[in-house]
Amino acid sequence: MVIDLDKCTGCQSCSVACKAENNVPYGSPEEHTRRLTPFWQKVIAVSSGEYPSVSIDLIPMPCMHCDDAPCVTVCPARATYKREDGIVMQDFRRCIGCKYCIVACPYGARSFNYKEQEEMPYHRPDLPPERADRGPWPFPRRVHGVVEKCTFCFHRIDAAIEEGKKVGEEVVPACAEACPAHAIAFGDLDDPDGNVAQLLSSRQATRLREEMGTSPKVYYLLR
Amino acid sequence: MVKISRSVPTQASPGRRFGISRRAFLKLAGLAVAVAALGRLIKRPALGTIVPADNYPEGEGVITEAYPATSCLNCGTRCATRVRVVNGRAVKITGNPLSQVTEGANCARAQVGLQVLYDPARITTPLRRTNPARGRDTDPGWTPISWDEALAEVSGRLQDLRDDGEPHRLAIFTGLNTVSDEDILRRFARAYGTPNLITADGLDDEAGQAGQWCADGHYSRSAYDLARTNYILCFGAGILESYEPLARSLRMWGKIRRERPNRARVVVVDPRYSVTALRADAWLPVNPGTDAALALAIAHVIISENLYDAAFVSRHTRGFDDYKDLVLGGYAPEQVAPVTGIPAATIGEVAREFAGTRPAIAWRGRGATGWPGGTYTAYAIYCLNALVGSIDVPGGVIYQEEPPYRPLPGLAPDAAASAGLAMPPLDGRGSAAFPAARVVTNHAAEAMLAENPYPVAMAIGVNANFNLTAPGAPRWDEALARLPYYVHISPTVNEMAGFADIILPATTFLETWAYDHSPPGSGFAEVRIKQPVVAPFYNSRNIADMVFDVATRLGGSVADAFGNIGGSAEGLARYRTAGLMPWEELLAAGVWVGPEYQYYKYHRIFDTPSGQFEFLSGNLAAALQKIGEPTGGDACLPHYQPPDFLGEAGAYPLLLTSYQPLLSVNGDSRDYPWAEEMFLVEHGQGWTNFAEINSATAQELGIKDGDEVRVESPFGSLKTRARVFEGVRPGVVAMARGLGANPNEITGVAYDKISGQAARGGTRVRVYRA
């Protein structure tokens, strides 16, 4: 995934689209204060400087789907794993809710599901991940007491491959689809002629916290 | 059959919101009591739980799936959307790629539409008040009634008023409605005979519109040819937050930054470091209310250094010499720098950049024009476009084409209606107080309280909530409490509904029939359709259907005005869009796109006495002459008027300014958790707003980030939390509108004289620890 910070308008369409697509529950003021609101994708604000030379950057933050993912390394239950195509996944059935991965993740990309089944205002059986209507969602339903995270909308990708559609052009994750500025590009980083590789060769790009050696798979094009 | 649990969301707990919550309001208004007594009048389901039984198929998984095309109404942009409907439930909203105005884009507001549809505060049935006492904290004692009973009572009242020869004593207040509902309400007001159709426009951007009218006769917002522009000089406009059509601006932002070889440059003039400012290339933190001086100083540099488009100015403009004399006489950058707080060198640089990077746009927004004297500010900013020849050229200001709807048949008001229409309107538009105003929304409250020019006997509010959104909001409580009879129409309860005698539950935009289009932006015309993506919930009805019903009950010439135009909301949409494309095709596509925009129409775009672009306004001169005011001096030239401040500087040393963030959904995000939890992206905060204060000011006041503070003006005070923020000018307190403490409650009442725009700027406050 390549996110162009010069095109991004900070509108948060990506974050809302993610919530709608993946049935991620909304939080509450209490959860907000305690930083417990579940987000699979969130726009963060990074500010520096003093008036009048202040600067704030708004950065959309999905899971970075690291090549060397600390969450995968620390998970004692092997609930977090990397698919062959590089997507880092979370198996709700294996997860024991120990939250090691939340601590290990340098990007704060993971959320813990504190919500009880019966208090789920978000219960929508028609949507993934509750029901596998778009590709093989491996987990029967969202459960209390486990860790959740961005999947790059793998259900869309798997369905697209099955239907012979082009991933990155015809089918993209919900956040990329919803971006009004077309700031989020998705595709195969290994394909030298692909859309994302071409974008990366056109401009100066960076990855977040590269010094941690995680090899994140989300690149940011600078302004 | 799958049973859906209707559990109460955890967010319902007290203290969820900092200001008055809608649920708390419900309790105050006695609705909660009524619910207990009468068995769920106001259902409070969570997102995705309400489905009429017959629409919900048996079985598991996806049984039925559809993507009907409709459009949004979470702001005036009214973007084309497609809604994914699974098993009879709306589950996701995406853009409609056929729309050319937004090129298929939507903003976050559109997606929040799901939570508007499944809003727990929706009204389930017509209600009648039983408690004659009215007030914000008074229990109205609602009792449910049938539609027939409700409409019979409303029509009876309307009939009585007309029989008494006083149809003008009816006021109609409207908030954000579909274009078709706007059309039908305007027609109703005319046929019935009241001049008092009070839209919410006077709270929005009338001064910005009047500024353009002074120059070229178009009383409208400007459309900008964004895709082709190379430079944007933005004065107080929330291009990426609130300026409509919003989704078009967001889409074009991506385009002008990185989808073409030359990247457009953007400079933002705003006392607050808005999202637009932080994404721009430069931020000029101007002194609030001094944008006109800055614009004229920029003109000074452009004219004195001979950087203006002499060919355009000589061929297509009038009054340049007067304008030149004014600008060169009093607005040198060195003179203006201490007024605006922007150094003279910076003014010179920006002016040279603006004139040298064509096509360039000077963009005016509410932050600059929402002041007394706002029309002159808007005029001054708009004239910069003419100086650099950016009028009706690719990449400049363009002129919005109206969609070619099939015209409604002519309307013949009867004697009673004609007499009513001849009465002076309640809000003083066109009078000596507001010579060029089209609507003076906020003044209606004063007129009602003073019973001047006449007492209002009855009012109908359609999706309005002036008690929340108008500066000096508490006056509306008083005005409505005194009103003999008030009918409120909207899908949800709000502050204004608490004063109603009758509440009529309207459908949301996802359950309705309508035709719609965006405010000026694209140049070319585009029509969107609204069709129900799910069957209307509860016992709610379409607004146009209610109007048709009432008109039929009134009979006579009122009923005649509504014959042969479709007979229903659906029929009306069909009638008005006939000739665009076949109905079935329009429903499938959702949009009709007009022919490509034509530039350089100088022979017909200037609607001014001279037929040219006027630096010396003939339109304004005519309006001033009509009320006997002098037109000499700088009265008809764009000039700077030092702002009038409300409140004494010694006691109230700070200046209050309010702004609308992107996730302020139609001014009120209180029931939409997605919007609430991401409300202020710049602060990474949700569920509330703040009093944003510069660190230097905070230090002087001994206030730390996160402190509970009281913001007090001469008109009231409110409690919120302080946010020490480097992105706001020292001496200014900035507050977001739409969630949390309501800055409108402490904003004073002032107007731009020419346009009647309610001025949001200029109220002085003090801030202290609560």
Side-chain angles (χ1 to χ4, degrees), chain A residues 4 6-17 19-21 23 26-33 37 39 42-45 47-58 115 118-127 131-134 174 177-183 202-203 221 223, chain B residues 2 4-5 7 9-11 13 15-17 46-48 60-62 86-87 89 91-95 102 105-108 111-112 114 240 247 250-251 253-254 257-259 273 275 278-279 283 285 662-663 673-674 677-678 681-688 694-696 726-730:
Chain A
D4 189 334
D6 201 18
K7 292 171 89 177
C8 172
T9 60
C11 75
Q12 307 185 95
S13 286
C14 45
S15 305
V16 185
K19 290 230 159 184
E21 174 80 12
N23 197 11
Y26 51 81
S28 66
E30 293 77 34
E31 288 171 307
H32 182 83
T33 319
T37 309
F39 277 104
K42 186 169 174 29
V43 180
I44 63 163
S47 47
S48 60
E50 279 178 19
Y51 176 88
S53 47
V54 57
S55 141
I56 301 180
D57 223 331
L58 303 177
K115 307 244 179 196
E118 52 273 18
E119 62 156 306
M120 287 204 304
Y122 51 88
H123 179 79
R124 298 230 308 270
D126 45 283
L127 272 184
R131 195 78 69 200
D133 69 315
R134 286 192 183 207
E177 178 188 78
C179 179
H182 297 184
S202 70
R203 302 249 302 277
L221 297 177
R223 295 216 280 157
Chain B
V2 180
I4 310 297
S5 69
S7 54
T10 50
Q11 290 73 18
S13 59
R16 172 191 179 199
R17 294 156 181 134
L47 175 64
E60 291 194 336
V62 178
V86 175
N87 302 347
R89 265 179 290 185
V91 299
K92 189 146 194 311
I93 296 176
T94 52
T102 63
N106 274 173
C107 77
Q111 308 196 48
V112 174
L114 291 176
L240 301 183
L250 298 175
R251 175 75 278 278
W253 192 270
R257 292 304 221 172
R258 292 291 179 178
E259 283 170 37
Y273 194 54
V275 173
L278 74 87
R279 281 308 195 211
W283 172 46
L662 188 140
L663 279 170
W674 283 339
E677 67 181 2
M678 312 175 195
V681 66
E682 281 176 279
H683 302 300
Q685 295 288 334
W687 304 102
T688 185
N694 186 283
S695 56
E726 295 298 334
V728 63
R729 234 191 123 76

Measuring heavy-atom distances to chain A, does [X] have an atom under 4.5 Å in its side chain, in its backbone, in both, or in neither?
| X | answer |
| --- | --- |
| Asn694(B) | side chain |
| Leu662(B) | side chain |
| Val275(B) | side chain |
| Ser695(B) | neither |
| Leu663(B) | side chain |

As an exercise, state the distance from [atom1] of [X] to [atom2] of [Y], rounded to the nearest 0.5 Å.
| X | Y | atom1 | atom2 | answer |
| --- | --- | --- | --- | --- |
| Tyr273(B) | Ser55(A) | OH | OG | 5.0 Å |
| Asp4(A) | Arg258(B) | CG | CZ | 6.5 Å |
| Trp283(B) | Ile56(A) | CH2 | CD1 | 9.0 Å |
| Lys19(A) | Glu677(B) | NZ | CD | 3.5 Å |
| Gln111(B) | Cys14(A) | CD | SG | 9.0 Å |
| Ser48(A) | Glu726(B) | OG | CD | 10.5 Å |

Output yes when a side-chain donor or acceptor of Arg279(B) lies under 3.5 Å from a complementary backbone atom of Leu58(A), and no otherwise.
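Here the side-chain-to-backbone pair exists.
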
For [X], is it the side chain, the backbone, both or neither that has a heavy atom under 4.5 Å from a heavy atom of chain B?
| X | answer |
| --- | --- |
| Ala17(A) | both |
| Thr37(A) | side chain |
| Arg203(A) | side chain |

Can you name the side-chain hydrogen bond (donor to acceptor under 3.5 Å, both in side chains) partners of Arg251(B), sequence neighbours left out?
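His182(A), Glu103(B), Glu259(B).
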
Quick one: list whatever passes side-chain hydrogen bond (donor to acceptor under 3.5 Å, both in side chains) with Arg729(B), sequence neighbours left out.
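Result, side-chain hydrogen bond (donor to acceptor under 3.5 Å, both in side chains) vs Arg729(B): Tyr51(A), Asn287(B).
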
So which of Gly727(B), Gly686(B), Ala247(B), Gly684(B) has the largest heavy-atom pair count under 4.5 angstrom toward chain A?
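If we count pairs closer than 4.5 Å to chain A, Gly686(B) comes out on top.
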
Against chain A, work out which of Ala108(B), Ala105(B), Ala696(B) has the most heavy-atom pairs shorter than 4.5 Å and name it.
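Heavy-atom pairs under 4.5 Å are most numerous for Ala108(B).
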
Give the minimum heavy-atom separation between Trp674(B) and Ala20(A), together with the two atoms involved.
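Trp674(B) and Ala20(A) have their closest heavy atoms at CH2-CB, 3.7 Å.
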
Please evaluate residues Leu250(B) and Lys7(A) with respect to the criterion side chain to side chain contact (heavy atoms under 4.5 Å, CB included), reporting the C-alpha separation (whole Å), side-chain torsions for both, the decisive distance (0.1 Å), and the verdict.
CA-CA 9 Å; Leu250(B) 298 175; Lys7(A) 292 171 89 177; over 6 Å; no

Among the options Cys11(A), Gly10(A), Ala45(A), pick out the one with the most heavy-atom pairs lying under 4.5 Å from chain B.
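Greatest number of close heavy-atom pairs with chain B: Cys11(A).
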
Can you list the steps and then say if Val16(A) with Met678(B) is a side chain to side chain contact (heavy atoms under 4.5 Å, CB included)?
CA-CA 9 Å; Val16(A) 185; Met678(B) 312 175 195; 3.8 Å; yes

